[in-house]
Amino acid sequence: LCMLEIHDKKPKYLGEFKFLVKNEFQHEIPIKTDPVAKISHSKTKKIDFNIGFDILGNFIKAFGLDPAAIATAIKGSKTMSFSFGNVKRKYIDPLEFGNILVSNDIKGDPENMFIADILAKPDTKLALITDVLTSKDFTLSTYKGNETEASINIPLIQQYISNIDTGLKVEKVAENEIRFKGRTALTYAFTCVEISIAPTTGKFSKGLWLENIRAA
């Protein structure tokens with residue numbers, strides 16, 4: 001139930017939905033949680049090192065580590081892929097959410113200076129996060145090329161982590177695979193729907209999310 005500002009198809013965190021509502025949002029929206037066994041431990045496609053390291057760096061920082069220390073252990077890699085264990089899905093029911101908005105005549109606040117600025121830009125959209133995937137552990141696999149494996153200096157990572165109290169554990173899976181396990185579940189994917197606000201009445205409506213917004 002967080003809002004994103006989408007400009008040029010790039011998302012930026014805006015804030016919680018409840019602060020988008022005029023005269024406050026007093027309703028409880030049930031958030032459901034289910035395990036997602038079918039995608040647990042499934043590897044992503046191989047991606048370029050620079051793109052992959054940006055993703056990796058976000059996870060590493062969330063676990064309280066310095067990405068630079070990990071970079072030293074995986075130098076020589078050209079591509080990488082990820083997999084996530086014990087995946088859980090947290091989500092709301094969009095139909096139930098829409099029914100609450102309509103039946104209670106809930107409206108947005110177009111006078112909010114941030115919302116007014118977004119509504120004034122036709123190429124900027126508002127998106128509501130309805131679904132997230134979380135995991136407490138992920139595996140990194142590194143490659144020199146499309147198929148050739150690139151070894152990871154796992155002892156170097158283990159030595160670095162042993163000197164820091166983060167609760168993070170690392171396990172060797174293969175010469176080019178290492179698994180990180182933390183205490184906190186991290187969000188690594190989300191789905192959202194576009195929401196429109198009428199500039200004069202503040203009435204909510206669903207935008208053309210199939211055309212404008214994709215799962216990230």
Side-chain angles (χ1 to χ4, degrees), residues 2 4-13 34-91 127 129 131-192 210-216:
C2 290
L4 301 176
E5 177 183 346
I6 310 289
H7 178 69
D8 195 23
K9 295 187 177 180
K10 295 180 180 179
K12 183 173 69 174
Y13 178 76
D34 289 327
V36 191
K38 66 179 181 179
I39 62 172
S40 291
H41 303 297
S42 297
K43 285 187 179 180
T44 66
K45 66 180 181 180
K46 298 181 182 68
I47 55 179
D48 177 76
F49 179 88
N50 291 331
I51 297 174
F53 191 73
D54 283 343
I55 297 172
L56 175 64
N58 287 327
F59 290 129
I60 294 300
K61 285 187 286 187
F63 281 134
L65 304 178
D66 182 0
I70 308 301
T72 304
I74 60 175
K75 63 182 179 180
S77 305
K78 300 297 183 183
T79 60
M80 64 178 68
S81 65
F82 300 92
S83 64
F84 301 88
N86 302 312
V87 177
K88 291 185 178 180
R89 177 190 179 209
K90 294 186 177 183
Y91 62 100
I129 296 178
D131 195 320
V132 299
L133 296 180
T134 68
S135 173
K136 289 185 178 181
D137 67 87
F138 72 95
T139 299
L140 168 69
S141 303
T142 55
Y143 307 87
K144 292 180 180 177
N146 289 332
E147 300 299 333
T148 307
E149 298 176 353
S151 61
I152 301 173
N153 190 339
I154 296 175
L156 181 63
I157 297 176
Q158 291 174 328
Q159 180 181 3
Y160 169 64
I161 290 177
S162 67
N163 296 322
I164 302 174
D165 183 20
T166 63
L168 182 66
K169 298 179 180 179
V170 295
E171 298 175 359
K172 177 180 177 180
V173 180
E175 290 300 323
N176 74 315
E177 289 188 23
I178 185 171
R179 179 175 294 125
F180 297 85
K181 291 186 176 182
R183 297 169 180 163
T184 305
L186 303 180
T187 296
Y188 71 89
F190 66 89
T191 303
C192 52
L210 284 175
E211 297 180 11
N212 297 303
I213 310 297
R214 293 184 178 180

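Atoms considered below: every heavy atom in the structure, side chains included; atoms not considered: hydrogens, waters and symmetry mates. Computed from a prediction, not measured in an experiment: that's the story for all the values here.
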Take Phe59 and Leu140, measure what side-chain contact (heavy atoms from CB on, under 4.5 Å) needs, and give me the verdict at the end.
CA-CA 11 Å; Phe59 290 129; Leu140 168 69; over 6 Å; no

Check the pair Asp34, Tyr91 against side-chain contact (heavy atoms from CB on, under 4.5 Å), reporting the backbone distance first and the verdict last.
CA-CA 9 Å; Asp34 289 327; Tyr91 62 100; 2.7 Å; yes

When you look at Arg179 and Asp137, which way does the side-chain contact (heavy atoms from CB on, under 4.5 Å) test go after all the steps?
CA-CA 7 Å; Arg179 179 175 294 125; Asp137 67 87; 4.0 Å; yes

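Taking CD1 of Ile152 as the start and NZ of Lys172 as the end, the distance is 10.0 Å to the nearest 0.5 Å. Rounded to the nearest 0.5 angstrom, Asn50 CG and Thr79 OG1 are separated by 11.5 Å.
Looking at Tyr160, its side chain does come within 3.5 Å of a backbone N or O of Asp66 through a donor-acceptor pair. Using modelled atom types, no side-chain atom of Thr142 and backbone atom of Met80 make a donor-acceptor pair closer than 3.5 Å. Within the 3.5 Å criterion, the main-chain N or O of Glu175 finds no donor-acceptor partner in the side chain of Ser151.
Contact detail for Gly57 and Pro67: the closest heavy-atom pair is O-CG, 3.8 Å. Closest approach of Gly85 to Ser135, counting heavy atoms only: O-OG, 2.6 Å.
Here the side chains of Ile47 and Ile55 are in contact, with some heavy-atom distance below 4.5 Å. Looking at Phe53 and Ser77, their side chains never come closer than 4.5 Å, going by heavy atoms from C-beta outward. For the pair Lys12/His7, no side-chain contact is recorded, criterion being any heavy-atom separation below 4.5 Å from C-beta on.
Between Phe138 and Phe180, the ring planes are parallel. Angles under 30° get that label, and only those over 60° would be called perpendicular.
Taking the six-membered ring for Trp, Tyr188 and Phe84 have ring centres closer than 6.0 Å.
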